[in-house]
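The block underneath contains the structure these notes are about, expressed in structure tokens.
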Number of protein chains: 2
Amino acid sequence: MKYDRQDVIEKATNLFWEKGFHATSMRNLQEVIDMRPGSIYACFGCKDGLFKETLRYYADKGRSNLQTCVETTATPLDALKLFIHNAVLGNPDAPNSMCMLVKSISELTENDNPELLDESKQLLRGIENAFTDLLTQAVERGELDASKDPRRLARFLQMQLMGLRAYAQANKGTVSVEEMLDDMFSCLH
Amino acid sequence: MKYDRQDVIEKATNLFWEKGFHATSMRNLQEVIDMRPGSIYACFGCKDGLFKETLRYYADKGRSNLQTCVETTATPLDALKLFIHNAVLGNPDAPNSMCMLVKSISELTENDNPELLDESKQLLRGIENAFTDLLTQAVERGELDASKDPRRLARFLQMQLMGLRAYAQANKGTVSVEEMLDDMFSCLH
DNA sequence: GTAATAAATGAACAGTCGTTCAAAATGAGC
DNA sequence: GCTCATTTTGAACGACTGTTCATTTATTAC
């Protein structure tokens, strides 16, 4: 009976997301995804390979979340607001309020894990590009002042999203993230 | 000949800051601080103990940097601006553009390292409190509108600082941090 | 210079790490 | 039911982990 690859990757993603790359041992993974080492290595090559796959899965889920936001809101800006709101407060039982890609960039080094680090950076850039597209639409529709630069705005939004998720992690349960979201969007205009 | 404790802690801080807690082995530390295991354990107890000491050293350095900014600028708001500018761009050969405390909060878990995690959170809160004090002064002096809430502003600033440093790490060399700093301060008013 | 005290050493420990691979279990085709 | 190919297993490997402690080296006091 072959393993359900999707299911395995999702479980691995949650574990890596929670504990980080270095603190997650192959034995931890073996328990969580219920596979023996031989099978894991036959499927994914090595720990790095499995981790890279989880990074892509995580980023894909992010992109599809954003797409859902676009489809369920009236304007590009509303879609962005909803996406960011969901990213920080959306599912309370997420392994971590921090972005998994940011966590990875935080713990990986150019010397020790250049491939995984570059992959994380690239995936993060992909999400920022999706922000840029939406902000461009917002300007075209007149939802945003035409003087605004969508790329610069996307960069700023990405930075604040990274910050807010990290801040929420650092102050779990003691702070009103809603209030901070208001502050964040009120300085878009 | 007793070791220079200050020097040892500084070297350990830089290594932990660069590689993170988990990826830094005691043998890495032994090389960098040029001490044999027995001496390290006699001085600091265990790896956690040494790490905690470096966290405090790092936060202390941050606080004294802020104090220097206060002393070399005309107004509280200028001091804050200078501090944040320096934190992100100040010393280009810092081990990491991310905040060491944020990196630590990112990689540590309540389950595995509760003490180190709490210490990091607490130190970060200390810095935010210093922000609050300065912003309170700014309101008192009329540098900021009296309608602004210093605590809320400090929270917002802290979040953005965390975000900006993480963003700078994720986009090393490809982005104008100066521009982003402008955006960041222009939405204070 | 010698004895007593303090500091530094590094080989060694038990445990865990990522990874391998011969053997066992399973599935497919007839 | 038998055969062949695929998949899964888990004991085992060498390397590395954080840590200890008997021994050596350095410092102090007389």
Side-chain angles (χ1 to χ4, degrees), chain A residues 1-55 103-104 107-117 119-120, chain B residues 1-55 103-104 107-117 119-120:
Chain A
M1 181 196 54
K2 287 197 72 174
Y3 288 108
D4 179 351
R5 192 178 176 91
Q6 187 75 0
D7 182 56
V8 164
I9 290 178
E10 185 174 337
K11 283 174 177 160
T13 304
N14 285 333
L15 190 63
F16 274 131
W17 188 5
E18 183 193 341
K19 297 171 68 85
F21 177 72
H22 284 116
T24 302
S25 74
M26 289 306 290
R27 282 173 176 78
N28 293 154
L29 285 163
Q30 288 163 35
E31 288 168 22
V32 165
I33 70 185
D34 191 30
M35 284 172 78
R36 265 32 67 194
S39 306
I40 300 181
Y41 280 83
C43 268
F44 301 101
C46 61
K47 191 190 180 187
D48 290 46
L50 176 54
F51 187 66
K52 192 181 276 191
E53 202 115 16
T54 65
L55 286 175
K103 272 198 72 164
S104 302
E107 76 164 331
L108 301 174
T109 5
E110 197 61 55
N111 287 336
D112 296 336
N113 300 95
E115 280 191 35
L116 297 177
L117 180 59
E119 184 75 23
S120 306
Chain B
M1 180 196 53
K2 288 197 71 173
Y3 289 108
D4 178 350
R5 192 178 176 91
Q6 186 76 359
D7 182 56
V8 163
I9 289 179
E10 185 174 338
K11 282 174 179 162
T13 303
N14 285 333
L15 190 62
F16 274 131
W17 189 6
E18 183 194 343
K19 298 171 68 86
F21 177 71
H22 285 117
T24 303
S25 73
M26 290 305 290
R27 282 173 175 78
N28 293 152
L29 285 162
Q30 286 165 36
E31 290 168 20
V32 165
I33 71 187
D34 190 31
M35 282 172 80
R36 264 37 65 196
S39 306
I40 299 180
Y41 280 83
C43 267
F44 301 100
C46 61
K47 191 190 179 188
D48 291 44
L50 176 51
F51 187 67
K52 192 181 276 191
E53 202 115 16
T54 65
L55 286 175
K103 273 197 70 163
S104 302
E107 76 163 332
L108 300 174
T109 320
E110 197 62 53
N111 286 335
D112 298 336
N113 299 95
E115 279 192 37
L116 297 177
L117 180 59
E119 184 74 24
S120 306

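What you see below is based on every heavy atom in this structure, not just the backbone, and it leaves out hydrogens, waters and symmetry mates.
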Next on the checklist: Contact between A:Trp17 and A:Thr54 at the side-chain level, heavy atoms closer than 4.5 Å - yes or no?
Outcome noted: no
Next on the checklist: Just the rounded figure in Å: distance from C1' of C:dT16 to NE2 of B:His22.
Outcome noted: 13 Å
Item to check | Those residues that, when tested against A:Lys19, pass side-chain contact (heavy atoms from CB on, under 4.5 Å) (two or more places apart) | outcome: A:Leu15, A:Ala23, A:Thr24, A:Asn28, B:Asp112
Checklist entry - What's the CZ-P distance between B:Arg5 and C:dA8, to the nearest Å? => result 12 Å
Checklist entry - Can you check the B:Phe44 CZ to C:dA8 P distance for me, whole Å? => result 11 Å
Checklist entry - Quick one: salt bridge (charged side-chain N to carboxylate O under 4.0 Å, His left out) partners of B:Asp4, sequence neighbours excluded? => result none
Checklist entry - Expressed in angstrom and rounded to an integer, what is the separation of A:Asn113 atom CG from C:dG18 atom P? => result 12 Å
Item to check | Under the side-chain contact (heavy atoms from CB on, under 4.5 Å) test, residues paired with A:Lys52 that sit two or more places apart | outcome: A:Arg56, A:Glu115, A:Leu116, A:Glu119
Next on the checklist: Among residues 23-43 of chain A, which ones have heavy-atom contacts with DNA chain D below 4.0 Å?
Outcome noted: A:Arg27, A:Arg36, A:Pro37, A:Gly38, A:Ser39
Checklist entry - Pick from A:Asp48, A:Ile9, A:Val8, A:Thr13: which one makes a side chain to side chain contact (heavy atoms under 4.5 Å, CB included) with A:Glu53? => result A:Ile9
Next on the checklist: Whole angstroms only, please: what is the CZ-P distance between B:Phe51 and D:dG18?
Outcome noted: 13 Å
Next on the checklist: Can you tell me how far apart NE2 (B:His22) and CD (A:Glu107) are? Round to the nearest 0.5 Å.
Outcome noted: 9.0 Å
Checklist outcome for this item: One would report the end-axis bend of the helix from C:dG1-D:dC30 to C:dC30-D:dG1, five pairs per end and rounded to 10 degrees, as 10°
Checklist entry - Starting at NZ of B:Lys19 and ending at C1' of D:dT17, how long is that distance when rounded to a whole Å? => result 14 Å
Which donor-acceptor pairs under 3.5 Å do the side chains of residues 34-45 of chain A make with protein atoms, sequence neighbours left out?
unit_1	atom_1	unit_2	atom_2	d
A:Asp34	OD1	A:Arg36	NH1	3.3
A:Asp34	OD1	A:Arg36	NH2	3.2
A:Arg36	NH2	A:Asp34	O	3.3

Checklist entry - Does A:Glu18 offer a backbone N or O that forms a donor-acceptor pair with the side chain of A:Lys103 under 3.5 Å? => result yes
